[in-house]
Structure formats: structure tokens, C-alpha cells
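What's counted below: heavy atoms across the whole structure, side chains too, no hydrogens, waters or symmetry copies. Note on naming: letters A, B, ... go to the chains in the order of the sequence lines (proteins, then strands), and numbering restarts at 1 for each one.
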Amino acid sequence: MEQIRAYLKKSATYQLIQILEDGLEDFLTTFGEITIRGLSALKYILTFKINWKEVLEQSARFGVSSLPITISIVSMTSIIVAMQVAGEMVKQGGGNYVGLLVAMLTVRETGIIMSGFAIISMIGSSLASEIATMRVTEQIDAITVLGVDPVRYLFVPRIIAGTLMMPPVMIIASTCGILGGGVASTLVSELSYKAYFSSVWSGLFIYDIKVAIAKAFTYGFTIALISCTCGYIAKGGAKGVGIATTKAVVWSFVAIVFLDLVFSIAFFF
Amino acid sequence: MIKVQNLIKTFDEKTVLNDISFEVNDGETLAIVGFSGSGKSTILKIICGLLEEDSGTILTSEGDIAMVFQYSALFDSLNVHDNIIFALRERKELRKLYTEEDLDKIVEEKLKLVGLEGVEDKYPSELSGGMQKRVSFARAIVTNPKTILYDEPTAGLDPISSTLIEDYIVRLKEETHAASIVVTHQMSTIQRTADKVLMLYNGKCVFQGSPQEMCEQGNEYTKQFVTASLTGPMKMLTE
Ligand SMILES: Nc1ncnc2c1ncn2[C@@H]1O[C@H](COP(=O)(O)OP(=O)(O)OP(=O)(O)O)[C@@H](O)[C@H]1O
Ligand SMILES: [Mg+2]
């Protein structure tokens, strides 16, 4: 009997089930933690228990230090789109629509989603590893023993900063993207600046911009919350910090893409 | 007062604390000794609420519980000054009580107590291990706690700094009448600070009594500990 049991334990099916079980457990605990920490952070935010000085410091980190990379990524995406379509569209007599296409695509999707990706890889990962390091070196335990709630001290300023800084970052990056698209279009086709920009205006809708800003708030909040939580629940030493950072990045990426799908369904269909 | 009764704690099927009971009155210091991995830090973490016990009761006096962590656990993004006054600045009910000048004065005073001066603006990474330990000591006692837990407060300190800290543990106990627990491996710390000693081995309490009893009578466990002998009932390699 024992031998059969040992044999079965080695079988692929058993191992697969084991992996699924561990994976599901990890997924559910992480999801639960994110929800719980998010709610308790919201509680502090809604009662204005906020350290504004710390918010300012974190905002600089979110907004200023990430800006060069965010602008580059969003601009390059728009430039690539413009380069790919401008030549062909002008040839087919659709030159008047190049600006419209680039503007609409940037405002609706690439501006915000590429900004999100840039912020995740730069800020989300650093938030997660910072907080995970505090966890494994018992600094978070020390905060708790000193009578301070780590969620209030660590999460709240970072979440507020993330939420507030994401829209301006997105707006600046998207503007640069649309300008970059113009430069690219005129370089690869006979399109004039004037034609490009007048068509940009016809592709900018107030409604789209409002939705983009709503997305930016939501994504900023989500990225900061997920990154802080993944760091907060880290275990073990240096390896734990690494795992937490990876987890924060992966979860944020998936969350952003998922939320983008939800937004698209809710607002454009 | 700290009262622990029938405390049991298990980590992944390994029972680290198996039915531990003890009591520390106000104005008393208990030293907990035992092998590495015998659950000393775990007891402290359960008392200050960082870990949940599996069963048993823990009672402490009202008021703050302070803990000096084994590896200091200073906030490395804050300088020494901000580390020390962390609780005073971040806790709402305490924040109103002090002006910035008060805080500066408190920092200076606490640093002097632990034998450091002029390190206010340094960051933890710029301090030696022993200095970090002393700063963490200063940070822990800033709220005048009624229960103080020291996890190896003198480990890694030179003998003179150790004596300084030991004297201060005693002085603090006399002044504030707090109940304290000191986890330590050093006989000098036991003899200078402790009123009682509790010895752990394999999750069980194998000795409880005064330091004097530990040295003079004791049992084969304490004899082995005091003489640091390799032969005796305690084996390093327990699985
Ligand atoms: N969070 C945890 N998860 C799993 N096991 C743990 C955890 N914390 C402690 N342990 C285990 O509990 C036992 C006791 O650990 P503890 O840190 O209390 O020992 P200690 O007596 O303080 O040792 P040292 O003198 O080295 O500091 C160890 O075997 C350790 O592996
Ligand atoms: Mg320990």
C-alpha cells in the first residue's frame, strides 16, 4: 500500500493537481490580501488620515522620475503606428485620417496602457522591492510594535501619489505621442503638418479624454495598491524580495490589461 | 505584568513552543535563554502581537509594549533622529504633545542614554551593527512603555557597551517599573539584569528560577549552559 501511495505521489497527474492547488491558493491569498489592504487604505484616505509630506515625496517618484521613460515609450508607440499607416493611407487617399487615427488610438488605448506599463516596470517594481525589504528585515514589524498601522504609513501615501500622478503623466506622454506621430507621418509620407494636425482635432473627443483620465486614476491606484501589497506579504530573505517584485509586476500587468478590457466594454460598446 | 499560560505555537507541524508558562511582575526582569532556534524570539513576537499563538493565554499590563529587535530593524529610509521619534511623530495621540524642539531634545537625551552622540543625521546603513542596536534601543523606549521586550540587546556589542545597555535596562526597570523580558546568551547580561531566568530546550521549559539558583543549584541543563559544555542533556543536532 505504502509503495503504491509513494508511486502515485510521483505520478504526473498528482503533481499537476498539486501545482494547481498551490497556484490557486497563492492566487486567492494574494487577491484577498490586495482587497483587504485596499479597503483599509481607502478607509484612511476617506477619513483624511494622510501624511501630505510623504504624499509629495512619493508623487515626485511617480511623476517626475518616471516621466522620461513614460514619454519615450508612449511616443515611440505612436511614432510606430504613424510610420506603419501614414504612407499607405496617403497613397490610398486617406491622408486626412492619419492624424485622426493616431490621436484616437493614443488617447483611447496606447497612451494610457503604455504609461501604465512604464510605471509598473519603473515604480511598481521599486515599490514592491522596497516594501518587501522592509518586511524581511522586520521593519514592518517594528512599525506595528511602535503602534503605527503600516497600511497608513506605507500604503496610503503611495496609493494617493499613484492615483493622482497617473493622469498628468498620461496626458503629457499622450501629447508627446501625438506630436511624435505628426513628425513621423510627415517624414514618411507627403502629408503636411497642417493636414495632420487638423485631422488630429477631428479625432479628439472630449468623451474619450474623460474616459482616459478615469482609466489613469484607476490604473494608478491599482498599480500602487498591488505593488505595495505584494511587497507587504513577502516572506523569507533576498529570494522573497525577488519573488515579491516579480509578483507585483506580473499582477499589475494582468490587472491593467484586464481593467482596460472592462473599460473598453463599459464605455465604448 | 506579563502573564503567559500554557503557550503553544507550531510552525508547519513543528512545535516550537510546547506548553510554556511564566509570569513577570511589574518592576521585574525575566531572562530567557536557550539554543538558537529554541523559540525565544517567537515568544517575544507572540507577546507583542506580531504572531498569533495556537493556544494559551497572554496577559500584559495596559500601555505600550516595546520591543528591541534582534537585528535592530531600523527604518533605513529615515535618519537616526527620525527613527527615534518615529512613534511620537506618526501616532496621532502623541503627535500633538510635542513640538519640534521637544523632539530634538528627546532624541539628544535618548542618544546620550545609550552612549551615542552626534549621529542624529546619519542613516542606519552608516552605523556599525552595535550602534544600530543602541539606536533601536532608544527608539523602543521613547514612548515610556509598560512592557519591554529585548531580543538579544547586547549581542554584538563590546563588553563596555554591553554593560552600558545592561545598566540602562536595570535603571529603566527601576524608574518606570515596567515588566521586561531579556532574551540573551550572555551570562553577564543575565547576572546584571535578570531577577528570574527561564531556559528553553526543544520547545519545553527546562529551568525556571533566579540567576543564583541557576548558577549554584540548577539541573543538568543549566549546568551544561553555564559551563558551555558539549556533553549534557542538550544536543546541538536535534532534528
Ligand atoms: N515565520 C516562521 N515560519 C516558520 N517557522 C518559523 C518562523 N519563525 C520562526 N520559525 C521557526 O521557529 C523556531 C524558533 O525560532 P526563533 O526565531 O523563535 O528562535 P530563537 O530562539 O530566537 O533563535 P535565535 O537564538 O537564533 O534567535 C525556528 O526553528 C524557526 O525555524
Ligand atoms: Mg531570536
Side-chain angles (χ1 to χ4, degrees), chain A residues 22 25 29 40-41 43-45 47-61 65 123 126-158 161 228 231-238 240-241, chain B residues 11-12 41-42 44-52 60 62-78 82-95 100 123-125 129 132-133 135-152:
Chain A
D22 293 348
E25 191 187 334
T29 27
S40 70
K43 216 174 61 193
Y44 286 119
I45 295 172
T47 49
F48 282 100
K49 291 190 176 127
I50 297 165
N51 177 349
W52 289 107
K53 193 173 146 249
E54 185 69 19
V55 171
L56 210 66
E57 241 162 67
Q58 295 297 332
S59 299
R61 175 181 190 177
S65 64
I123 313 296
S126 93
L127 285 183
S129 56
E130 177 190 4
I131 295 182
T133 306
M134 295 185 75
R135 162 63 74 197
V136 303
T137 55
E138 297 186 320
Q139 292 178 51
I140 293 184
D141 288 344
I143 295 178
T144 312
V145 176
L146 287 166
V148 177
D149 184 351
V151 172
R152 205 198 83 208
Y153 181 71
L154 295 172
F155 282 53
V156 170
R158 286 164 177 76
C228 289
Y232 190 76
I233 59 177
K235 280 197 214 63
V241 176
Chain B
F11 285 119
D12 318 314
S41 297
T42 306
L44 298 192
K45 284 184 184 164
I46 290 174
I47 294 174
C48 68
L50 288 173
L51 286 174
E52 193 113 13
T60 53
E62 294 228 343
D64 274 336
I65 301 180
M67 169 119 158
V68 177
F69 284 85
Q70 187 168 358
Y71 303 105
S72 303
L74 292 178
F75 307 125
D76 43 32
S77 58
L78 302 179
D82 293 348
N83 259 285
I84 293 179
I85 53 157
F86 182 82
L88 304 183
R89 196 172 261 170
E90 292 299 331
R91 272 162 62 175
K92 213 174 145 205
E93 76 278 12
L94 298 175
R95 195 177 330 160
E100 282 298 317
Y123 282 84
S125 58
Q132 291 181 12
K133 194 91 203 195
V135 173
S136 83
F137 192 96
R139 178 182 69 181
I141 54 175
V142 82
T143 56
N144 304 320
K146 285 279 159 270
T147 307
I148 314 179
L149 312 172
Y150 306 95
D151 202 345
E152 306 195 12

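Only the side chain of B:Leu78 comes within less than 4.5 Å of a heavy atom of chain A; its backbone N, CA, C and O stay farther away. Neither the backbone nor the side chain of B:Leu94 comes within contact range of chain A; no heavy atoms are under 4.5 Å apart. Looking at A:Asn51, only its side chain comes within 4.5 Å of chain B, counting heavy atoms on both sides. Contacts of A:Thr137 with chain B are made by backbone atoms alone, with heavy-atom separations under 4.5 Å and no side-chain atom involved. Using a 4.5 Å cut-off between heavy atoms, A:Ile143 touches chain B through backbone and side chain atoms alike.
No side-chain donor-acceptor contact under 3.5 Å links B:Arg139 to the backbone of A:Leu146. A donor-acceptor pair is defined here as one N or O able to donate and one able to accept, closer than 3.5 Å; such a pair exists between the side chain of A:Gln139 and the backbone of B:Asp76.
Partner A:Val145 forms a side chain to side chain contact (heavy atoms under 4.5 Å, CB included) with one of B:Leu149, B:Leu44, B:Leu50 and no other, that one being B:Leu50.
For B:Tyr123, the side-chain contact (heavy atoms from CB on, under 4.5 Å) test picks out B:Asn79, B:Ser125, B:Glu126, with sequence neighbours left out. Residues forming a ring pair (Phe, Tyr, Trp, His ring centres under 6.0 Å) with A:Phe155 (at least two apart in sequence, or on another chain): A:Tyr232.
In terms of non-hydrogen atom pairs under 4.5 Å with chain A, the most contact-rich of B:Ala73, B:Ser77, B:Pro145 is B:Ala73.
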| request: Run the numbers on A:Glu138 and B:Lys45 for side-chain contact (heavy atoms from CB on, under 4.5 Å), then give the verdict. | output: CA-CA 11 Å; A:Glu138 297 186 320; B:Lys45 284 184 184 164; 2.7 Å; yes
**Message:** As a quick check of understanding, evaluate side-chain contact (heavy atoms from CB on, under 4.5 Å) for B:Phe86 and A:Tyr153, giving each step before the final call.
**Reply:** CA-CA 11 Å; B:Phe86 182 82; A:Tyr153 181 71; 3.4 Å; yes
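Residue B:Glu93 places its CD atom among more than 12 non-hydrogen atoms of other residues, nucleotides or ligands, all under 6.0 Å distant.
B:Arg95 and A:Arg152 get closest at one heavy-atom pair: NH2-NH2, 3.9 Å.
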